[in-house]
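Heads up, the thing below is written out as structure tokens.
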Amino acid sequence: MTNNSALVMPRKLAILILHQAQLAQPDAITGLVGIKAGQPSSFVLGNDEAALESRDERLWARLWSNPTSPAVPDAGQIAGGGLYLVISLNTKGVLEMRAWELREGKPHERVLTIRD
């Protein structure tokens, strides 16, 4: 997938996702972000794509948190293709969420913008 379009997530959704990652500490979370009408719209813990479909949403991104390491995946972690969001809890006071996709066998970071 080679896509240079802007990635925009509503602030309310980003806060919900980051809050879930904080609550799970010291454990990691995995989840799915759904999209509806061209905008990321929901978050589901785990990997239940049927939960998105039941809301008439489709998969926008898969995500996971890294409680003790940076928000950087290796190629094997994103080998399934598509968009991945990685959250790092290994920061001082500020949580970090970064977007990634696989390009030519290597992780490539995408710019993720959070907006109201």
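By the 4.5 Å heavy-atom criterion applied to side chains, Leu112 and Arg98 are not counted as neighbours. Side-chain contact check for Arg11 versus Arg115: every heavy-atom pair is 4.5 Å or farther apart. Using a 4.5 Å heavy-atom cutoff, the side chains of Thr113 and Val111 are in contact. Counting only heavy atoms from C-beta outward, the side chains of Leu63 and Leu32 never approach each other to under 4.5 Å. Proximity of Asp56 to Lys36: side-chain heavy atoms (C-beta onward) are separated by under 4.5 Å at one or more points. For the pair Val86 and Trp64, the minimum side-chain heavy-atom distance is below 4.5 Å. Contact annotation: the side chain of Phe43 never approaches that of Leu52 to less than 4.5 Å [non-hydrogen atoms, C-beta and beyond]. Counting heavy atoms from C-beta outward, Arg62 and Val33 have side chains that stay 4.5 Å or more apart.
The CD atom of Gln25 sits 4.5 Å away from atom CG of Leu89, with the distance rounded to the nearest 0.5 Å. Here the OG atom belonging to Ser41 is positioned 10.0 Å from the CE atom belonging to Met9, to the nearest 0.5 angstrom. The distance from atom CD1 of Ile35 to atom CD of Glu57, rounded to the nearest 0.5 Å, is 9.0 Å. Annotation: the span from Leu83 atom CG to Leu59 atom CG amounts to 8.5 Å, rounded to 0.5 Å. Atom CD of residue Gln22 and atom CD1 of residue Ile15 lie 10.5 Å apart, to the nearest 0.5 angstrom. The distance from the CD atom of Glu96 to the OG atom of Ser65 is 12.5 Å, given to the nearest 0.5 Å.
If you chain together hydrophobic residues whose side chains sit under 4.5 Å apart, Leu18 and Val8 never meet in one group.
Ser88 contributes a side-chain N or O that, together with a main-chain N or O of Ser69, makes up a donor-acceptor pair within less than 3.5 Å. Between the side chain of Gln77 and the main chain of Asp74, a donor-acceptor pair closer than 3.5 Å is present. Side-chain N or O atoms of Trp100 include one that pairs as donor or acceptor with a backbone N or O of Ala71 at under 3.5 Å. Remark: side-chain polar atoms of Asn66 are not paired, donor with acceptor, to backbone N or O of Thr68 under 3.5 angstrom.
A salt bridge does not link Arg103 to Glu109: none of the charged nitrogens lies less than 4.0 Å from a carboxylate oxygen. A salt bridge does not link Glu53 to Arg55: none of the charged side-chain nitrogens sits closer than 4.0 Å to a carboxylate oxygen.
Residue Leu85 comes nearest to Ala61 through the heavy atom pair CG-CB, 3.9 Å, listed as atom of the first residue, atom of the second, then distance. Between Ala75 and Pro107 the shortest heavy-atom distance is N-CG, 3.7 Å.
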- request: Apply side chain to side chain contact (heavy atoms under 4.5 Å, CB included) to the pair Trp60 and Leu7, showing each step before the final yes or no.
  value: CA-CA 10 Å; Trp60 183 65; Leu7 299 174; 3.9 Å; yes
